[in-house]
Amino acid sequence: REYHVTLVALGLYKDSLPVTVTCGTMTPPPDDCGVQSITSTSVTVSWTQVSSSIAIGYRVWIRTWESADILSSLHLPTSKTDVTFADLTPATKYIVAAAS
């Protein structure tokens, strides 16, 4: 769902101009996430967009299994349904996550 909120600060002598903000409820994550290809130094992951989603983009990130530090984080449009992370270290476990 999408909501439009208008804010006005009420002042002692004068009110502020209205400011309208558009907010959306949490969108569902991408569907069918999976590894498309993998080499010793790269991984390509893909997903499908949820058809009923109002998402305007995806955030996809990668980190090593042993650390919470994100190595790379990308913001992608919903028209993009795959991404390749390169320059990875061989024989290292990684976690790839995505959100819309």
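Closest of all the heavy-atom pairs between S42 and A86 is CB-CA, 4.0 Å. Minimum interatomic distance between T6 and P18 (heavy atoms only, all atoms of both residues): CG2-CB, 3.7 Å.
Shown here are the side chain to side chain contact (heavy atoms under 4.5 Å, CB included) partners of D69, two or more places apart in sequence or in another chain: S67. Contacts of W47 classified as ring pair (Phe, Tyr, Trp, His ring centres under 6.0 Å), with partners at least two apart in sequence or in another chain: Y58. Applying the ring pair (Phe, Tyr, Trp, His ring centres under 6.0 Å) criterion to F85, with sequence neighbours excluded, gives no partner residue. Remark: R59 pairs with W61, I70, S73, H75 by the side chain to side chain contact (heavy atoms under 4.5 Å, CB included) rule, at least two apart or across chains. In terms of the side chain to side chain contact (heavy atoms under 4.5 Å, CB included) criterion, residue partners of V5 (sequence neighbours excluded) are, by chain and number, L7.
Note: the hydrophobic cluster containing V35 also contains L74 (ILVMFWY, side chain heavy atoms under 4.5 Å, direct or indirect links). Following chains of ILVMFWY side-chain contacts shorter than 4.5 Å, one cannot reach W65 starting from L88, and the two form parts of different hydrophobic clusters.
Results of the side chain to side chain contact (heavy atoms under 4.5 Å, CB included) test with I62 over V83, V45, V43, I95 single out V43 as the only residue that passes.
For residues 78-89, the set of pairs meeting the side chain to side chain donor-acceptor pair (under 3.5 Å) definition, not counting sequence neighbours, comprises T44-T84, K80-D82.
Side chain of T48 to main chain of D31: a donor-acceptor pair is present (N/O by atom type, distance under 3.5 Å, no hydrogens or angles).
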